[in-house]
Colleague: 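Before I ask anything, let me first share the structure, which is written out below as structure tokens.
Basis for what follows: all heavy atoms, side chains included, without hydrogens, waters or symmetry-related copies. Start at 1 with the first residue, then count along the sequence. Small disclaimer: the values here were computed from a predicted structure and weren't measured.
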Amino acid sequence: MLPEVRGAIATSHEGRVAVCKPVQTGVGPDEPGDLAEVQRLAGDVTAVELFRYPEPLAPDTAARRAGMPLADPAVIVRAVDDLAASHDLTLVEGAGGVLVRLGESATILDIAAATLVPDTVDGVLVVVAPGLGALNHAELTVNAVRARGLRPAGLVIGWWPDDPDLAMRCNRTDLPRVTGVPVVGVLPAGAANLEPAEFRRHAASWFDDEWLATLSPRHPEQLVRTP
């Protein structure tokens, strides 16, 4: 799971969803990136990618090694605001953790601070792994989000095996306790391998119903997703 016109999402476009990938690394110019997979699985969503670098590295490092211009945070902010003005829900996917440099110094948290609307349901959705290390990763990330005055919108366990080990089972219980943020979604391992129709049929069941209700067009927002 980002946020001046911010979150002013037009209700005349009810149900429209946009996904923005500010920086894609690790794919060539003509190769499908993350957004191609989003559209394959989710179907009718607006997908916008802004900067792309060939090596699978942090964006600033990938740009320098490729001799390409660094990602411009002003371009990213304008793109997110434009999407939010014409969609009911705008999700912005990071490139690594919340403090990974997208350009010279800007991080995904800088983009969030520039585009999310304070005192609304706008927030940063943190995706975590289920195993050892998850508690530390989640608490550090949530603390960084709060330190910028942003709202952690929830935790999502990015994959959950059929036979979770002891650490995974304990983490699922302990994540809300150590972070103060609820687990709002748990995706089964292999979900991305489902056929698109099956993926769409089951996707809502992987998330908390009450949390999903906050994403209604009655609550215009932008939401940042960070792995």
Side-chain angles (χ1 to χ4, degrees), residues 1-2 9-10 13-59 62 66 71 75-76 79-80 82-98 100 102 108 111-112 115 123-130 153-162 183-209 211-217 221-227:
M1 248 80 63
L2 299 261
I9 301 174
H13 298 273
E14 183 168 341
R16 291 196 63 194
V17 175
V19 182
C20 179
K21 179 78 173 178
V23 184
Q24 172 74 67
T25 65
V27 294
D30 299 320
E31 295 178 328
D34 291 351
L35 292 184
E37 185 69 357
V38 169
Q39 290 185 308
R40 183 184 74 83
L41 291 171
D44 186 19
V45 299
T46 301
V48 175
E49 178 189 295
L50 300 173
F51 299 92
R52 173 178 287 212
Y53 306 110
E55 294 182 311
L57 302 168
V75 171
I76 297 172
V80 173
D82 287 347
L83 289 170
S86 57
H87 294 78
D88 294 296
L89 177 66
T90 299
L91 300 103
V92 183
E93 182 177 10
V98 294
V100 169
L102 300 181
I108 201 71
I111 305 302
T115 57
V124 180
L125 185 63
V126 181
V127 179
V128 300
L155 306 178
V156 171
I157 298 176
W159 60 274
W160 188 258
D162 291 335
V183 173
V184 299
V186 180
L187 276 64
N193 297 324
L194 296 173
E195 290 298 317
E198 187 176 3
F199 180 92
R200 295 168 204 165
R201 185 163 57 250
H202 293 290
S205 69
W206 303 330
F207 292 85
D208 179 79
D209 288 341
W211 183 80
L212 284 178
T214 69
L215 305 186
S216 161
E221 70 181 274
Q222 299 170 77
L223 187 68
V224 184
R225 174 192 179 276
T226 177

Colleague: Check the pair L102 / F51 against side-chain contact (heavy atoms from CB on, under 4.5 Å), numbers first and verdict last.
Modeller: CA-CA 10 Å; L102 300 181; F51 299 92; over 6 Å; no
Colleague: For E55, what residues pass the side chain to side chain donor-acceptor pair (under 3.5 Å) criterion, not counting sequence neighbours?
Modeller: R65
Colleague: Does a side-chain heavy-atom distance below 4.5 Å link V17 with L91?
Modeller: yes
Colleague: Do any side-chain atoms of residues 26-36 form donor-acceptor pairs under 3.5 angstrom with protein atoms, and if so which ones, sequence neighbours left out?
Modeller:
from : atom 1 : to  : atom 2 : distance (Å)
E31  : OE1    : G28 : N      : 2.5
D34  : OD2    : K21 : NZ     : 3.1

Colleague: Can you name the side chain to side chain donor-acceptor pair (under 3.5 Å) partners of Q24, sequence neighbours left out?
Modeller: none
Colleague: Sequence neighbours left out, what passes ring-ring contact (aromatic ring centres under 6.0 Å, His included) with W206? Give chain and number order.
Modeller: F199
Colleague: Got a second to check how far L89's CG is from T214's OG1, nearest 0.5 Å?
Modeller: 9.5 Å
Colleague: Heavy atoms only: give me the nearest V100-A58 pair and the separation to one decimal.
Modeller: CG1-CB, 4.0 Å
Colleague: Applying side-chain contact (heavy atoms from CB on, under 4.5 Å), can you list everything that pairs with V48, at least two apart in sequence or on another chain?
Modeller: T46, L50, L83
Colleague: What residues, two or more places apart in sequence or in another chain, satisfy side chain to side chain donor-acceptor pair (under 3.5 Å) together with R40?
Modeller: E37
Colleague: How far apart are the closest heavy atoms of A189 and P161, and which atoms are they?
Modeller: CB-CA, 4.1 Å
Colleague: Where do I157 and P130 come nearest, in terms of heavy atoms and distance?
Modeller: CG2-CB, 3.8 Å
Colleague: What closest approach, in Å, do L187 and G158 show between heavy atoms, and which atom pair accounts for it?
Modeller: CB-O, 3.5 Å
Colleague: Could you report the tightest heavy-atom contact between L125 and A153, atom names first, then the distance?
Modeller: N-CB, 4.3 Å
Colleague: Working to the nearest 0.5 Å, report the span between CG of D44 and CZ of R16.
Modeller: 8.0 Å
Colleague: Give a yes or no on whether the backbone of L41 and the side-chain of R200 come within a donor-acceptor separation of less than 3.5 Å.
Modeller: yes
Colleague: Please find the pair of heavy atoms, one from P59 and one from V23, that lie closest to each other, and give the distance.
Modeller: CB-CG1, 3.5 Å
Colleague: Are V183 and V128 packed together at the side-chain level, in the sense that at least one heavy-atom pair is separated by less than 4.5 angstrom?
Modeller: no
